[in-house]
Amino acid sequence: VLAGDYWTLYIFWQGMTVSSSFLIWLNRKPEASKTGFWYMMLLLLSSVLLLAGILLRERVTGSFIFGPADDNLMWHYDWLILGAFAINAAVVPLHAWLTQGLPLATIPGAVFLSVFGVKTAVYAMARCFVGLDLLIVLGVIMALYGAVYAIFSNNIRRILAYLMVAQGGLMITGIGMDSKMALDGAVSLAYAHTFYNALLLMTMGSVIYATGEELLGRLGNLFRRLPFVAALTLVGILALCAIPFFSGFTGISLIFEEALKLKSPIPGAVLVLLLGFAMVLMILAGGLRLPFFVFWSESTRNGKPLRALPKNMVVAMGMAGAFCLVQGVFPEMINRHLPYAMEENSFTLFKLGIGVLFPAAAFGLFMFLRPFLKPKTNELPDFELLYMWVGRGVILFFSKPLSWMDGIWSEIYRTIFLRAFNFLAHISDIFDRKGIDGVVNQTASSVMFLSRISTRLQSGRLQDQLAWMMLLALAFFAL
């Protein structure tokens, strides 16, 4: 976030990529090991694209400064950098690493993944690609796609992962509008989402910790047994639904207010309808279906005992819930620190209407569709299947050529290199036996001959020793 040049961004981007994979592997489940591997592979692709874009950008501009791109003239390196940011921002169809990885992370690891990964990419887009029309289209697709999949998901943390995709779509749409208020809305929403989404992941993590279950169909009737968790879940949900006086209200209302003024690439009225429909589906999935089937529906646990929650878990949830309330009641605390300090009233009639209309529409739809929203046992197929098919296709495509090349290299090694190595080994053996061993043997014979002469010269009498010393001294001085 504090990077002023692309190299600093890349170094810490890479560190974030590698370290986040360990939050999945630490779950110590077979499926977590597999998912963590391709989670890291996909994010490493993001790092490769970012590195390629940085190097190409430096060749053209001669600078590594981390600054905005020209949305009217996007260069090849800009597209590579945008692709890297899109992967980390979970842009559809590059989002499956998030929706598959987040549910398999450890309980605290999921909170860290939600706080840092996607938000960092959204922040990077806000610094580099404000006003890019493509972001509006991508944001709308993300919002609709994530909301629809959240409705039909059965894993409580996967529901929140798809809602992250959907809400990320709102942020990216705001960045693409080329409006000061829309950018303020996107940044405000990203900041608020960091806390209320973390709160929801903590409360759902508490449910998993207490019950040992994470499938929506196996939970229910937990309101009386976990009242504190249920109350904090409602705080996070009200923020997600953009209810007035909760943290998500300001950002979402600003985005919708500016969306109505847009003329291209999507007319404002159409954009508001699309985002409004996505918002209703988000509230239906995360604001009504999730808490209802976790806390108020009939339970299938038959009174099984719950594990007591650790105190640090309770304190962390309480702090996150308090912040959601404080930011919602006193929005000016955040508004003055937005990219364009906002001075106007956050509670205008239009914004209050947005905060009431969408939840009311979602509630009516939920009452009508509740029998059809019961959790299913299977998850809808997503783009991870496409990743698998593409991976297998790449393996099949390259396996035969690589196998043919490996066979040729093996034959060359056997016929040329192996014989050459055998010949060199034979020459080395002859040199060792005839050369080195001969020199050593002759040296040993010479030493033994000298030792025999020295033995004869040593008679053991003092007179002989003094005579030899005198002869050696005279010879030394003569030389």
Side-chain angles (χ1 to χ4, degrees), residues 92 95 99 136-154 156 158-174 177 182 185-186 188-189 192-193 196-197 200 216 233-260 262 266-294 296 328 349-375 380:
V92 177
H95 67 285
T99 56
I136 298 175
V137 177
L138 294 176
V140 171
I141 293 172
M142 289 174 64
L144 292 170
Y145 189 94
V148 170
Y149 266 77
I151 290 175
F152 296 103
S153 183
N154 188 31
I156 57 177
R158 184 168 285 119
I159 292 172
L160 295 178
Y162 279 116
L163 290 174
M164 284 181 64
V165 174
Q167 297 251 305
L170 294 178
M171 302 171 204
I172 291 176
T173 301
M177 286 184 192
S188 176
L189 178 58
H193 184 264
Y196 69 72
N197 192 66
L200 291 174
L216 200 58
T233 301
L234 288 179
V235 172
I237 284 170
L238 291 173
L240 181 146
C241 297
I243 298 294
F245 304 105
F246 287 87
S247 57
F249 170 73
T250 301
I252 291 177
S253 61
L254 282 174
I255 292 172
F256 273 92
E257 187 173 7
E258 290 301 298
L260 194 60
L262 194 69
I266 302 175
V270 176
L271 181 59
V272 168
L273 287 175
L274 291 173
L275 293 180
F277 181 62
M279 190 67 195
V280 170
L281 295 181
M282 289 182 220
I283 298 172
L284 181 65
L288 296 170
R289 180 174 178 264
L290 177 64
F292 177 80
F293 285 106
V294 171
W296 285 282
L349 185 62
F350 179 84
K351 295 174 183 176
L352 291 172
I354 290 174
V356 174
L357 178 62
F358 294 147
F363 182 78
L365 196 61
F366 177 76
M367 297 301 295
F368 179 73
L369 297 177
R370 191 174 68 179
F372 305 99
L373 296 176
K374 291 182 179 180
L380 291 178

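Owing to the predicted nature of the structure, the values given are computational and were not obtained by experimental measurement. What you see below is based on every heavy atom in this structure, not just the backbone, and it leaves out hydrogens, waters and symmetry mates.
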Checklist entry - Got a sec, which residues hit side chain to side chain contact (heavy atoms under 4.5 Å, CB included) with Ile243, two or more places apart in sequence or on another chain? => result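 By the side chain to side chain contact (heavy atoms under 4.5 Å, CB included) rule, Ile243 matches Leu238, Cys241, Phe246, Pro359.
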Checklist entry - Among pairs that include at least one residue of residues 268-285, which meet side-chain hydrogen bond (donor to acceptor under 3.5 Å, both in side chains), considering only residues two or more places apart or in two chains? => result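 Those involving residues 268-285 do not exist here.
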Could you go through residues 160-167 and list every donor-acceptor pair under 3.5 Å that involves a side-chain atom there, pairing it with any protein atom two or more places apart or in another chain?
from	atom 1	to	atom 2	distance (Å)
Tyr162	OH	Asp382	OD2	2.6
Gln167	OE1	Tyr196	OH	2.2

Checklist entry - How far apart are the closest heavy atoms of Asn154 and Pro375, and which atoms are they? => result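 Taking Asn154 first and Pro375 second, the nearest heavy atoms are OD1-CB, 3.1 Å.
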Next on the checklist: Using every non-hydrogen atom in the two residues, find where Ala242 and Ile252 come nearest and quote the distance to one decimal.
Outcome noted: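 Taking every non-hydrogen atom into account, CB-CD1, 3.7 Å.
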Checklist entry - What residues form a side-chain hydrogen bond (donor to acceptor under 3.5 Å, both in side chains) with Thr233, not counting sequence neighbours? => result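 Checked Thr233 against side-chain hydrogen bond (donor to acceptor under 3.5 Å, both in side chains); matches are Thr203.
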How many angstroms lie between [atom1] in [X] and [atom2] in [Y], if you round to the nearest 0.5 Å?
X: Met142; Y: Leu170; atom1: CE; atom2: CG; answer: 9.0 Å
X: Thr250; Y: Phe245; atom1: OG1; atom2: CZ; answer: 10.0 Å
X: Glu258; Y: Ser253; atom1: CD; atom2: OG; answer: 10.5 Å

Item to check | salt bridge (charged side-chain N to carboxylate O under 4.0 Å, His left out) involving Arg158 - partner list, sequence neighbours excluded | outcome: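 So Arg158 forms a salt bridge (charged side-chain N to carboxylate O under 4.0 Å, His left out) with Glu379.
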Using distance only, find each side-chain donor-acceptor pair of residues 266-294 under 3.5 Å and give its atom names and separation, not counting sequence neighbours.
from	atom 1	to	atom 2	distance (Å)
Arg289	NE	Ile151	O	3.1
Arg289	NE	Leu373	O	2.8
Arg289	NH1	Ile151	O	2.9
Arg289	NH1	Ser153	O	2.9
Arg289	NH2	Ile151	O	3.4
Arg289	NH2	Ser153	O	3.1

Item to check | Candidate pair Phe249 and Ile354, rule side-chain contact (heavy atoms from CB on, under 4.5 Å), full reasoning | outcome: CA-CA 9 Å; Phe249 170 73; Ile354 290 174; 5.7 Å; no
Next on the checklist: Once salt bridge (Lys or Arg N to Asp or Glu O under 4.0 Å) is applied, what residue pairs with a partner in residues 359-374 remain, sequence neighbours excluded?
Outcome noted: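 Qualifying pairs, neighbours excluded: none.
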Item to check | Aromatic plane relationship, Tyr145 with His95 - under 30° parallel, 30 to 60° tilted, over 60° perpendicular | outcome: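 Perpendicular.
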Checklist entry - Has Phe363 got more than 12 heavy atoms of other residues, nucleotides or ligands less than 6.0 Å from its CZ? => result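 Result for CZ/Phe363: open.
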